[in-house]
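Report on the structure given below.
Chain naming here is simple, since letters A, B, ... match the order of the sequence lines and numbering starts at 1 in each.
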Amino acid sequence: MYKAMSEIKPIVNALKRSKVGAILLMIQIMITTAIVSNAAFIIYDRSTYLQQETGYPEDEILYFAITTFGEDIDLSQLFEETETTLREIPGVIDAAVIAALPLSGSGSASGFDTLPHDQHQNGDNRNVRAAYTTGDDHVLNTLGVKIAEGRDFRPEDIVVTNDPSMLAKVAIVSRAFAEEIFPDENAIGKTFYSGNTGVEIIGIVDTMKGPWLKDSRPNNVIIFPRVEARMYQNVAVRATAEDRASVRKSIEDKILAQYDKRVVINMRGMDEAKAGYNAADLLMLRMLVVLIVVLVMITALGIFGMTVFNINKRTRQIGTRRALGARKSAIVQYFLVENGLICLVGLFFGCIGAYYLGGMLLREYSLPALNNLYIVVTALSVLVVSLLSVLLPANRASNISPSIATRTI
Amino acid sequence: MLSMKNISKVYQTEKVQTHALRDFTLEVSEGEFIAVTGPSGSGKTTFLNIAGMLESFTSGDFILDGVNVGQLNDNQRADLRNQKIGFIFQGFNLIPDLNLFENVEVPLRYRGIKSAERKRRIMECLEQVGLASRAKHLPQQLSGGQQQRVAIARALAGEPRFLLADEPTGNLDSLMARQVMELLEEINRNGSTIVMVTHDPELARRAPRNIQVVDGQIADFTLYQHGGASVPRKSNTVAAVNPMSVEV
Ligand SMILES: Nc1ncnc2c1ncn2[C@@H]1O[C@H](COP(=O)(O)OP(=O)(O)OP(=O)(O)O)[C@@H](O)[C@H]1O
Ligand SMILES: [Mg+2]
């Protein structure tokens, strides 16, 4: 029986004798494979980043800032009353004055120690980076996060002060921070240090992100029970997702009605703040998707075009092969094998190219290391796309009548 | 061996119907060498294509070596072409990207013959046409006559029962044409049945049996004795001169 694979040798020989088109196609397949596997990996990496669990009900939370210019009032007391006013708006679940807003791109971070500063020379201190913020006993409920271990803040924990040296003695931390600073032990009741001040961990929240998703420690967060009332003050409000829009409209009026020597600025949802923070990544992601689609389409069209061109050029040859006894399937297989060979060589160099391109992106742009699975899957997909692109014209070729052999001179 | 009864072929194009063959009846027996002549457009190529199963026919019966061709599907026709028929074309139809060896190999690969046996047959056939030493050359490195000899080697390699040739010397000068003709005669002496379309009356006369096709029908046939002297078998051989006064 005739086997298409037995055609490999003459096909290779024939390709060697007219190689320009084949080489161009090889290069195209090579470039496509190298770029698409890296682009696909970056897309995967970025989209897991974009879809990561932040721990917050992003569509329920509103942020804004209040700038107070009236100097005839006690700010601490005003903000306490403001919180009460906000909590009374229908649809609002809770509201809290807060230092740094999660996922907003601005906040504070520092290193925290397992030993007080004075004892660093005596033993093994561990220093762990974390973002930190402050709030009262409503802050967890306002951010929509739950205590997993330990307890929430109580009113007596709250330090109300404008004195920066007055630090809180307890804190609630994210599990990522707890496990990093006290690995392999229960962090509840343990004390960590900021300088020489000890802070006891009283509660742990499973997941809550800091202000920067691209921080080296985006999951390490500390909340101190502390209220500072400032001229420029961030406030967070949580409402049910359905009521958030109406709450948003009424906030400013309620606040100004209470005291009008202040302005409400920069009102936004947590989801909007996150989207703004991630806008560049999303844009890049979309551009990469477009790049992949375009590259694959160009390759498919290139293969399609080259096959059509080859078939037109070889009409008489195909007719002759049919006259000499080729079945239609042998003609289809001929083009599949021919293209498959070109493709495999292109894929071979494409995989090497993908590997080096991945290495370069890792070095130059500190992207994560390319997972080789992406190269394999891309190579297989390119092979499938290329064989599919051949199939249609090859099928047409197999319908060329063998009588072409005698009818064309 | 080859038997056509009342074969008709109608080409249907948008506006016109062309009756390329009508009630075409012919018997060819084993070992014959037939030259087919006739005016341009008379249906010679059509006849040859049907005989070689390159084209279907509209009506009639065609038995090739005991097989009723009308009942075969496309794959069966391809296999039968591969096994029983060798084609020689006016334009040689060698595959330009394959060297001579690989060109002769094409029909053998379709038949699934093993590599060693292929090699033996290819070299034997190239030997027979006097081009064994050039097996690695590409067709474009050869003269027209040499190319046609390679094409003949390709047709012979499958050891077909029939050789069908459509104006095999049409693209060759007279010297080369004679060489090709001598080759065909030698092949015929070795037992192959040959049907050859030609416009060259001199070459036609060298074939033992001549058929003239006019207007899609056999207008005349003449048997020549081996050795070249022509002996009219039928009284109306004048038809070769005056195709209009024919009787079938
Ligand atoms: N594919 C086709 N479609 C329509 N008509 C065709 C087709 N092929 C051949 N014909 C017509 O059929 C008739 C016979 O053609 P054929 O090629 O058999 O002639 P021929 O005897 O071989 O001529 P020539 O000596 O010029 O090669 C001609 O009228 C031709 O125009
Ligand atoms: Mg013709």
Side chain, backbone, both or neither of A:S401 within contact of chain B (heavy atoms, under 4.5 Å): side chain
Looking only at heavy atoms, which of residues 151-169 of chain B get nearer than 4.5 Å to chain A? B:R154, B:D166
In the structure I gave you, are the side-chain heavy atoms of B:R111 and A:L324 within less than 4.5 Å of one another anywhere? no
Checking B:N49 against chain A: side chain, backbone, both or neither under 4.5 Å from a heavy atom? side chain
Mind running side-chain contact (heavy atoms from CB on, under 4.5 Å) on A:K9 and B:E105 for me, showing each step along the way? CA-CA 12 Å; A:K9 204 173 133 234; B:E105 197 176 26; 5.7 Å; no
Taking the side chain as every heavy atom from C-beta outward, state whether B:N99 and A:R17 have any pair of such atoms under 4.5 Å apart. yes
Partner set under ring-ring contact (aromatic ring centres under 6.0 Å, His included) for B:F57, not counting sequence neighbours: none
Crowding at NZ, A:K214 (>12 non-hydrogen neighbours, <6.0 Å): yes
Which bit of B:I113 is near chain A, if near means a heavy-atom gap under 4.5 Å: side chain, backbone, both or neither? neither
Correct closest heavy-atom pair for B:F87 and A:A323 would be CE1-O, 3.3 Å
In terms of heavy-atom proximity below 4.5 Å to chain A, should B:T46 be classed as side chain, backbone, both, or neither? both
Are there over 12 heavy-atom neighbours, none belonging to A:F349, within less than 6.0 Å of that residue's CZ? no
With a 4.5 Å cut-off on side-chain heavy atoms, are B:L48 and A:T406 touching? no
If you draw a 6.0 Å radius around CE in A:M287, do more than 12 non-hydrogen atoms from other residues or ligands fall strictly inside? no
Report yes or no: does B:N93 contribute a side-chain atom to a donor-acceptor pair with the main-chain N or O of A:T320 at less than 3.5 Å? no
Are B:R81 and A:P402 close enough that some pair of their side-chain heavy atoms sits under 4.5 Å apart? yes
Search all heavy atoms of B:N75 against all heavy atoms of A:K328 and return the closest pair with its distance. OD1-N, 4.4 Å
Looking at every non-hydrogen atom in both residues, tell me the closest pair between A:A326 and B:Y110 and how far apart they are. CB-CZ, 3.4 Å
Side-chain heavy-atom pair A:Q317, B:P96 within 4.5 angstrom cut-off: yes
What I'd like to find out is whether the side chain of A:R327 reaches to under 4.5 Å of the side chain of B:N82, using heavy atoms alone. no
More than 12 heavy atoms from other groups under 6.0 Å of OH on A:Y355: no
Quick check: are there more than 12 heavy atoms from other residues, nucleotides or ligands sitting under 6.0 Å from CZ of A:F309? no
Below 4.5 Å from any heavy atom of chain B, which atoms of A:R321 appear? Answer side chain, backbone, both or neither. both
If you draw a 6.0 Å radius around CZ in B:R120, do more than 12 non-hydrogen atoms from other residues or ligands fall strictly inside? yes
